[in-house]
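One structure is given below, encoded as structure tokens.
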Amino acid sequence: MISLSSLSKAFATFLTGLALLSQTAQAQTKKAPVPVRKPATSTKAPVKKPVASKTPIKSTVPQGFGRTKSGIEYRIFRRSNGRYTLRTDVNPAGDPTYSTRIGKTLAAHMQYRTAKDSVLFSTRKQLGMPAQIPLAALQERGGIEEAVTLLQAGDSAVFRFNLDSIFAKSFRQPVPPFMKKAGNTLTMLVKVQKLMTPAEAQAEQQKMMELAQKKADADAAEFIAKDDALIQEYLKKNNLTGVKTPGGTYYVVTKAGTGPKPQAGQTVSVLYTGMLLNGKLFDSSEKNGGQPITFPLGRGQVIRGWDQGLLELAQGTKAILLIPSPLAYGSRGAGADIPANAILRFDVELVDVK
């Protein structure tokens, strides 16, 4: 279940990424190489808890909006007979019927926008499914938690929050500088799909995850088929003879080694150069001090194309790995140098097997 807390953390993490991209663009620094190894979980230094601002968003409420006592501005609509009409029964002091919904789960799509109306985060795009929000007794006013208590099944709403307050109360982190430049408000759009019991929510979540996995598998199969044709064309154009692994990765042995082939779970050391099929280099052992990368094979610590291809090489072998995009970084890409759905070429040397 994607809880409101998890959603807030996902949004905060997403904003951190946007902030880093913004800082990188402004500094125009040299791009760091994209590692083959999957990133390990980092430990962040403790951040001083931000203090919520007591300054209201505006001295007057914008036309058509209501305002809670805590300062949240809102417009809530109810769908009836195929049309949305503005709800006039919303109590700014709190919904007296909310107590009947505590313990249930609200399924809703949510979107966050800056004061300049730029979309920051969308459950449709970032999660691919509605957020499931367990409804609990309200502990603190002025944040997303209070806004949700005003919603009922069938509602669509626009909420406006003071930027400092919402980050202090709901996201528990300082406001990213790039957001402050856009203005002092955060807008949240919500479209409620349904209200469910915990059992119904669990079943719905399972269904949505299965549908998402089926779509991901279908997309991967489609790209593997397309990439396979492109890899074969690349091999022919470059007069290379490749061998296809059962999983779909191609390898071309350029110098055969005489040592043993590694087994899944063994630790291997590999020198490598990574590039796109157009020859653009994005990473190499040379960029990392000329030292080989060492990891347990077949344990998911590197992209799947590496796990597949290296199992076919004897120690001491030099080879080319041609990896379809779903077995590399797929639709998400990696940094600025590896675009989405990119086929990758790695020139590798299996230095050691332990």
Side-chain angles (χ1 to χ4, degrees), residues 1-13 15 49-58 61-62 64-78 86-113 120-121 123 127 130-175 184-202 204-205:
M1 178 182 297
I2 302 173
S3 67
L4 186 57
S5 174
S6 298
L7 181 68
S8 295
K9 289 178 181 178
F11 177 55
T13 300
L15 284 178
K49 182 178 178 180
V51 179
S53 171
K54 296 182 180 180
T55 305
I57 296 173
K58 290 184 179 180
V61 181
F65 279 80
R67 176 181 284 169
T68 67
K69 290 183 177 181
S70 60
I72 302 172
E73 296 174 353
Y74 61 85
R75 295 182 71 189
I76 302 177
F77 299 85
R78 172 66 50 78
L86 185 66
R87 278 183 55 191
T88 58
D89 61 337
V90 180
N91 187 342
D95 186 347
T97 69
Y98 178 68
S99 61
T100 64
R101 299 193 292 277
I102 292 177
K104 295 183 179 180
T105 298
L106 197 72
H109 274 296
M110 306 173 74
Q111 186 181 98
Y112 298 121
R113 298 187 179 192
L120 290 166
F121 183 88
T123 54
L127 303 181
Q132 288 194 358
I133 307 169
L135 302 179
L138 182 61
Q139 301 295 324
E140 184 175 24
R141 295 185 179 275
I144 295 173
E145 297 77 9
E146 181 184 4
V148 168
T149 68
L150 302 177
L151 297 173
Q152 300 177 11
D155 285 352
S156 290
V158 180
F159 294 101
R160 281 165 37 97
F161 304 91
N162 175 275
L163 201 57
D164 291 319
S165 294
I166 192 66
F167 269 82
K169 293 179 178 181
S170 292
F171 303 134
R172 310 291 181 181
Q173 71 171 42
V175 181
N184 70 333
T185 61
L186 176 74
T187 300
M188 181 175 75
L189 281 63
V190 184
K191 185 174 183 179
V192 179
Q193 293 195 329
K194 63 180 75 174
L195 187 66
M196 301 174 286
T197 66
E200 291 170 337
Q202 185 175 2
E204 180 76 7
Q205 183 75 359

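Values below: all heavy atoms of this structure, side chains included; hydrogens, waters and symmetry mates excluded.
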What pair of heavy atoms forms the shortest contact from [X] to [Y], and how long is it?
X: T100; Y: T97; value: OG1-O, 2.6 Å
X: F161; Y: A147; value: CZ-CB, 3.9 Å
X: G103; Y: P198; value: O-CG, 3.4 Å
X: H109; Y: P130; value: CE1-N, 3.4 Å
X: L120; Y: R113; value: CD1-C, 4.2 Å
X: P96; Y: G94; value: CD-O, 3.2 Å

Tell me whether [X] contacts the main-chain N or O of [Y] through its side chain, where contact means a donor paired with an acceptor under 3.5 Å.
X: T123; Y: M110; result: yes
X: Q205; Y: Q132; result: no
X: Y112; Y: L189; result: no
X: R101; Y: T149; result: yes
X: S170; Y: I144; result: yes

- prompt: Ion pair present between K194 and E204, side-chain N to carboxylate O less than 4.0 angstrom?
  reply: yes

message: Would Q152 and V192 count as a side chain to side chain contact (heavy atoms under 4.5 Å, CB included) here? Give the steps.
response: CA-CA 7 Å; Q152 300 177 11; V192 179; over 6 Å; no

Look up atom [atom1] in [X] and atom [atom2] in [Y], then write down how far apart they are to the nearest 0.5 Å.
X: T197; Y: Q202; atom1: OG1; atom2: CD; value: 10.0 Å
X: I76; Y: T88; atom1: CD1; atom2: OG1; value: 11.5 Å
X: L163; Y: T185; atom1: CG; atom2: OG1; value: 7.0 Å
X: R160; Y: I166; atom1: CZ; atom2: CD1; value: 13.0 Å
X: S156; Y: L86; atom1: OG; atom2: CG; value: 12.0 Å
X: I133; Y: T105; atom1: CD1; atom2: OG1; value: 9.5 Å

- prompt: Only one of R141, K69, K169 forms a salt bridge (Lys or Arg N to Asp or Glu O under 4.0 Å) with E146, so which one is it?
  reply: R141

task: Apply side chain to side chain contact (heavy atoms under 4.5 Å, CB included) to the pair I72 and L150, showing each step before the final yes or no.
output: CA-CA 11 Å; I72 302 172; L150 302 177; 5.9 Å; no

- request: Would you please classify the geometry between the F159 ring and the Y74 ring as parallel, tilted or perpendicular, with 30° and 60° separating the classes?
  value: tilted

